[in-house]
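Structure first, commentary second.
Both counts, for ligands and for their atoms, begin at 1 and track the order of listing. Index from 1, following the sequence. Remember, predicted model here, so these are calculated numbers, not experimental data.
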Amino acid sequence: MLRSRFYRQFLAAFAIVFLALSSASHAQNSAGPQAVPLPPPVPAPVDQPYAGTLSLSVDLTNVNDRVLSVRETIPVKPGPMILLYPQWLPGNHSPSNSVQNLAGLVITADGKRIPWLRDRVNMWAFHVDVPKGATTLDLSFQFLAPIRPQQGRISTKIADLTWNSVLLYPAGYFSRRIQFAPELKLPEGWKFATALEVKSQEGNLVQFKDVPLNTLIDSPLYAGINYRRIDLSTGTDNQVYLDVFADKPEQLEITPDELRFHKNLVVQAQKLFQSRHYDHYDFLFSLSDTVGGKGLEHHQSSEDGTRANYFTDWAAGVSGRALLPHEYTHSWNGKFRRPADLWTANFNEPMRNDLLWVYEGLTDYYGNVLTARSGMRTLEQARDEIAGIAASFEASPGRTWRSLEDTTNQPIISAHFMAPEFWPSWQRSFDYYPESDLVWLDADTKIRELSGGRKSLDDFAKLFFSIDNGSYVTVTYTLEDLVKALNAVQPYDWDEFFRKRIYQVEPQVPEDGITRGGYRLVYNDTEPDWMKHVDHSRGTGFSTSIGFSVSGEGGPGGGDSPREMITNVIWDSAAFKAGVTPEMQLQAVNDQAFSVENLRAAILAAEKNNAPIRLLLKRENEFNTINVDYHGGLRYPHLERVESVPDRLDEILTPVQ
Ligand SMILES: [Zn+2]
């Protein structure tokens, strides 16, 4: 075969190059006379400066093809070296940077093409042998962004430029010791926003000030044709901006109420954390039905993306409303203060995720609290959100086999197996987000109870995150540091508290925070008013009742699932027991064509009689009629006030004066 023959010739060429190098350290690895010598292993990063500045030039003009063209010049010394494509991305907590989208890699020295060899074990590492006399390597390659709508982050109107997609860097150095001089060519007429500082701009060519690699990758750039910058600053000492890019100009319009809520977010975050860890902060925010949604934290910015009608149909977005509060919270929790095992010296060292229940879980909690305190959700909506989380865990039995701590491995597991999970209620997947909300509510109300209302998790926020005010140099912590800080706020056996709730298999849903907050979880047939306005185009959930969700026009996670697809079947639910599985298409309910309304009516009718709900389902080319023996009603979860207990929950959700 042509391809394999060519590849073998190529390997033979490399065998000669690396023969001398590998003789000593790798001789013992030789399996026999047929074996091709291994290239040298990827060296561990060392805290030493890389000599010279790498120049990086990215051409973003070909948005039609979603192709980014890159030229990079790397100062070098003669001899073998390894170039790395970033693999482990902070915030993704996983080895997920798509090296398969890197193409067209050509490396030259003094105008002469030199070969490269991908490492046999590490697909993100490229071996080169720098020829004698060469002082720089010139690289050219492309990043091929996804073309299918919703999967990618580049369209003909909006682009999210992640620098980790468009660079290679030398192995063996801490990323903060490698200097880059980045440059970007934009499509004609496009605007941009980034936390990077601009050195010069000439037409559509922008040069940025030199920046270390870790700051460069932490400072993505949004660009687009329809752009508006909204000032959310609380003063010259706290500059925060909402940089909005939209499919259409009219989607940039913000109402006075919406503006007030977003300004409140910055005010309430200051009251909570009493510090800032950025020079200025930019919410990079895409409103689009073409590029996919996103939420990724950085020190001085965040990549945020949601539906195009975020401002123009505010009422439809209650469930996704915590996006900006969550990512903003990460500037303190996750970026500035980070679990020691999640801090890595470069972008190819593995991360260890065991404290994600703090990094992500506590961020989710504070994010939801700030969403309520800023007015982005009403008190009722904020309580319903908590009720929904608790109810989903009451319905899902995954907690009977898997600890919450084990779910923190999920980003790494999912990165290895890009296939969808079919039984999330049993597999538990990313439960360390929502379940940690309940655990931290438990902790917050515990502190409030024990201190007689004098202390709260707000005091912990101040103690833990306000150190080194103004600095954005990461300060790491361990579980011991966390427990110590909580004890300084309110003495308690926090070690045991977390051991029970996080580290051991604990079937009991952690609802003590709701109880101590002055509420109890109840279910009834009454749909909350706000939920009637929610955008159901992506699907409708019946997970706390009959036991599944159905996709809408948008489909789940990218719009490529057919409408009426069963997307999630709750393990051990009535639908599960009757034989309904994910990926079936719901065609009819009680012999009527399926609609969300028909299904709702059938569930209500079944509450009053003994007849099963009859579903006609299609899987591949088979039609199945499945009778689901379910008579429990719609079971919308709500929190009901318990007057004998202080209303600590509303106290938590109310704005701080
Ligand atoms: Zn997060």
Side-chain angles (χ1 to χ4, degrees), residues 88-97 153 160 162 164 195 217-220 240 265-266 268-269 272-273 277-278 281-286 292-306 317 319-339 341-344 351-372 374 376-377 385-386 389 404-405 407-415 424 428-441 457 461 464-465 472 474 476-477 482 502 557:
W88 288 80
L89 295 184
N92 286 3
H93 323 301
S94 64
S96 56
N97 201 31
R153 297 278 302 150
D160 172 1
T162 50
N164 49 268
I217 287 187
D218 192 47
S219 310
V240 182
L265 169 60
V266 180
Q268 289 296 322
L272 179 61
F273 295 113
H277 299 288
Y278 45 79
Y281 188 92
D282 284 86
F283 289 100
L284 307 175
F285 199 20
S286 63
K294 191 167 189 178
L296 187 62
E297 65 275 18
H298 304 286
H299 279 274
Q300 306 200 83
S301 63
S302 50
E303 286 165 271
D304 308 299
T306 188
S319 47
R321 202 54 65 60
L323 173 65
L324 300 182
H326 178 105
E327 301 308 335
Y328 190 37
T329 297
H330 269 316
S331 181
W332 290 268
N333 183 29
K335 301 309 293 188
F336 171 59
R337 297 230 58 180
R338 194 176 312 168
D341 283 353
L342 273 164
W343 186 93
T344 51
M351 296 170 184
R352 289 163 188 85
N353 287 346
D354 52 295
L355 284 176
L356 277 186
W357 57 272
V358 190
Y359 180 124
E360 290 295 356
L362 181 58
T363 296
D364 221 51
Y365 179 72
Y366 282 139
N368 278 327
V369 166
L370 288 172
T371 306
S374 64
M376 289 187 173
R377 278 191 192 127
E385 174 70 20
I386 296 165
I389 292 170
L404 184 58
E405 190 264 342
T407 70
T408 63
N409 294 307
Q410 198 63 39
I412 300 170
I413 296 170
S414 295
R428 247 158 106 51
S429 53
F430 293 87
D431 280 3
Y432 61 85
Y433 285 85
E435 192 172 322
S436 299
D437 272 297
L438 300 179
V439 172
W440 286 108
L441 177 63
L457 213 54
F464 206 63
F465 298 107
Y472 46 94
T474 298
T476 62
Y477 65 86
L482 178 84
I502 308 285

Check against side-chain contact (heavy atoms from CB on, under 4.5 Å), Leu324 and Asp304:
CA-CA 7 Å; Leu324 300 182; Asp304 308 299; 3.5 Å; yes
Go through it in stages, so that I can follow the logic: the residues are Leu356 and Gln410, the test is side-chain contact (heavy atoms from CB on, under 4.5 Å), and I'd like the CA-CA distance, side-chain angles, deciding distance and then a yes or no.
CA-CA 10 Å; Leu356 277 186; Gln410 198 63 39; over 6 Å; no
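Our summary of the site lists the angle at the Zn ion (ligand 1) between NE2 of His330 and NE2 of His326 as 100°, to the nearest 10 degrees.
In summary, the side chains of His326 and Glu360 do present a donor paired with an acceptor at a separation below 3.5 Å, with no hydrogens or angles considered.
Atom OE1 is the N, O or S atom of Glu360 at the shortest distance from the Zn ion (ligand 1).
For the Zn ion (ligand 1), the set of nearby N, O or S atoms under 2.8 Å includes none belonging to Asp364.
Remark: aromatic rings of Tyr328 and Phe283 are close, center separation under 6.0 Å.
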